[in-house]
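Structure first, commentary second.
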Protein chains: 2
Amino acid sequence: MINKKNNIFAYLISNMFTQSEENYLKAIYHLELVSTKGISTNAIAKKIETKASSVTDMVKKLSDKKVVVYKKYKGVKLTSLGKKTAANIVRKHRLWEVFLVEKLNFSWDEVHEVAEQLEHIKSPKLINQLDAFLDFPKQDPHGDPIPDKEGNLKTIEKSLLATLHKNEIGICVGVNDSSSEFLQFLDKQGITIGQEIKVLDKEDFDNSLSIEIDQKELSISSKIANNLYIQKK
Amino acid sequence: MINKKNNIFAYLISNMFTQSEENYLKAIYHLELVSTKGISTNAIAKKIETKASSVTDMVKKLSDKKVVVYKKYKGVKLTSLGKKTAANIVRKHRLWEVFLVEKLNFSWDEVHEVAEQLEHIKSPKLINQLDAFLDFPKQDPHGDPIPDKEGNLKTIEKSLLATLHKNEIGICVGVNDSSSEFLQFLDKQGITIGQEIKVLDKEDFDNSLSIEIDQKELSISSKIANNLYIQKK
DNA sequence: AATTACTTTTAGATAAGGCTAAAAATATAT
DNA sequence: ATATATTTTTAGCCTTATCTAAAAGTAATT
Ligand SMILES: [Mn+2]
Ligand SMILES: [Mn+2]
Ligand SMILES: [Mn+2]
Ligand SMILES: [Mn+2]
């Protein structure tokens with residue numbers, strides 16, 4: 001089945017990181033997007049649902065492999081190699097999500113779990129061909145940007161729906177929370193990426209919003225408004 | 001990332017077997033197709049390029065999980081649950097191979113290694129949708145049959161090219177050896193699935209064949225002729 | 001500054017999956 | 001029937017990735 005004898009080089013480079021190591025790298029990558037300080041052991045543990053002691057062990061290993069710098073008690077930071085590696089996993093994850101939605105009729109709340117597995121498949125050709133097959137998409141089904149081959153990530157201009165003022169109009173371009181509960185709620189309300197949303201009113205008392213979508217009026221809580229990204233019109 | 005808390009049931013059923021267990025099951029499945037006796041420890045070890053002692057350990061575990069029956073020193077046999085499980089992995093492997101060739105422009109000698117990874121992705125919906133997306137293919141790129149959802153495998157009528165007599169004509173329907181070396185050799189000679197092949201002459205001395213493909217005459221060794229499946233015309 | 005609380009690391013254990021070397025069982029040859 | 005060869009199993013060790021409990025370090029509070 002697997003042919004270890006030939007393709008030694010391809011085998012080696014494509015197996016630089018285990019699935020577990022890749023999941024840690026990705027977690028650190030995501031945490032660094034929202035924090036400039038060193039990423040704490042506990043933060044990582046929470047993100048990947050493991051124990052702090054396991055994180056300490058893994059972080060030492062990643063440090064040996066030169067993908068993070070680690071100072072005891074001071075948290076970790078990705079090296080540029082680490083950033084590139086992590087971005088590549090995110091790239092794969094998001095391309096697979098696009099595939100699942102565009103080609104296999106998954107809904108946007110069903111793709112994450114499967115992509116979590118598919119992101120670990122080792123084959124540069126596979127991901128390049130997939131990218132081409134999907135016509136080089138720039139965003140995943142949740143509106144998140146897809147890193148390019150070099151790991152560069154072009155973030156689009158976006159604001160939270162909660163920041164819109166009365167009578168302003170925005171286009172939905174992404175979600176902050178991509179749990180299936182939230183996504184299914186959005187489906188139910190008819191809110192998808194690309195949907196135009198107008199703020200009819202804002203309630204000072206609880207920060208809820210009255211919005212208009214497709215000529216229908218709808219009231220949404222502050223929590224919803226703080227998890228929806230829009231582009232101002 | 002992975003959400004173990006919700007979907008406990010889906011999590012459990014889709015994680016019944018580890019990647020390693022699945023590879024063993026598949027190896028035994030393939031070995032049983034060419035042997036009616038219990039599959040020996042050594043045969044499995046050779047197939048998955050591991051040591052006999054590792055096989056003994058794994059076989060005990062598979063026996064505990066009721067997918068094989070194991071009698072010390074007597075080899076193993078798949079139970080019906082084991083057969084179904086293995087067939088499902090083969091189904092996934094071959095569907096992914098079709099996907100890679102049909103949609104991502106892989107050549108037939110490049111798909112196996114990647115399919116070896118993709119076959120372990122756990123998602124019933126994924127494989128059902130993929131099947132539909134590919135238009136319910138019945139053979140993989142090497143001409144091997146794709147088991148159905150129940151694990152039933154419809155083998156087509158086929159014979160080795162070596163069994164054809166002088167002046168008989170066959171259609172190439174599969175390969176016995178699917179190593180990339182052999183497949184690339186076939187590419188070079190212009191032999192693909194569906195190709196018509198006429199036997200012009202057989203050489204008694206070394207059992208080599210003189211064949212005609214696309215109006216061109218070609219001499220092939222007995223080894224080649226014993227690794228090409230054809231359907232007699 | 002001292003105490004308390006929280007975070008992080010260490011130490012030690014476990015389970016999966018692999019290995020080597022030796023022992024035991026089976027098969028083959030004399 | 002015995003001796004030899006081969007196959008298979010067992011015993012013991014290793015690595016990876018987890019965990020719990022305890023120790024050590026850092027931060028917050030009085
Ligand atoms: Mn996702
Ligand atoms: Mn993952
Ligand atoms: Mn294959
Ligand atoms: Mn495999």
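Lettering of chains follows the sequences in order, A, B, ..., and the numbering in each one begins at 1.
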- prompt: Step by step, would you call D206(B) with S208(B) a side-chain hydrogen bond (donor to acceptor under 3.5 Å, both in side chains)?
  reply: CA-CA 5 Å; D206(B) 62 353; S208(B) 69; 2.9 Å; yes
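- Within 3.5 Å, a donor on the side chain of S53(A) pairs with an acceptor on the base of dT20(D), or the reverse.
- Separating the CG atom of N23(B) from the P atom of dA16(C) is a distance of 17 Å, rounded to the nearest angstrom.
- For the salt bridge (Lys or Arg N to Asp or Glu O under 4.0 Å) with R91(B), the qualifying choice from D148(B), D140(B), D131(B) is D131(B), the only one to do so.
- Rounding to whole angstrom units, CG of residue D57(A) and P of dT9(C) are separated by 10 Å.
- In this structure, D64(B) atom CG and dA16(C) atom C1' are separated by 14 Å, rounded to whole Å.
- If you take CE of M58(B) and P of dT9(D), they are 15 Å apart, rounded to a whole angstrom.
- Take the nearest nucleotide of DNA chain D for E21(A) and for K72(A): the residue whose nucleotide is more 5' is E21(A).
- For the pair K71(A) NZ and dG25(D) C1', the interatomic distance rounds to 16 Å; values are reported in whole Å.
- Relative orientation of the W96(B) and W96(A) rings is perpendicular, given thresholds of 30° and 60° on the angle between their planes.
- In this entry the distance linking NZ of K46(A) with P of dT8(C) reads 13 Å, nearest Å.
- Side-chain N/O atoms of N42(A) include one lying less than 4.0 angstrom from OP1 or OP2 on dT8(C).
- The phosphate of dC19(D) has OP1 or OP2 within less than 4.0 Å of a side-chain N or O from T50(A).
- For S54(B), a side-chain nitrogen or oxygen approaches OP1 or OP2 of dC19(C) to under 4.0 Å.
- Residue Y70(A) places at least one side-chain N or O closer than 4.0 Å to OP1 or OP2 of dT9(C).
- The residue K60(B) sits close only to the backbone: its heavy atoms come under 4.0 Å of sugar-phosphate atoms, none of a base.
- As rounded to whole Å, 10 Å separates atom P of dT18(D) from atom CD of Q19(A).
- Checked for salt-bridge contact, E22(A) and K122(A) meet the test: a charged N lies under 4.0 Å from a carboxylate O.
- Remark: T18(B) is not in phosphate contact with dA16(C), judged by side-chain N or O atoms under 4.0 Å from OP1 or OP2.
- With hydrogens and angles disregarded, a donor-acceptor distance shorter than 3.5 Å links the side chain of Q129(B) to the backbone of L104(A).
- Separating the CD1 atom of I39(B) from the C1' atom of dT8(D) is a distance of 15 Å, rounded to the nearest angstrom.
- Neither OP1 nor OP2 of dA23(D) sits under 4.0 Å from any side-chain N or O of Y73(A).
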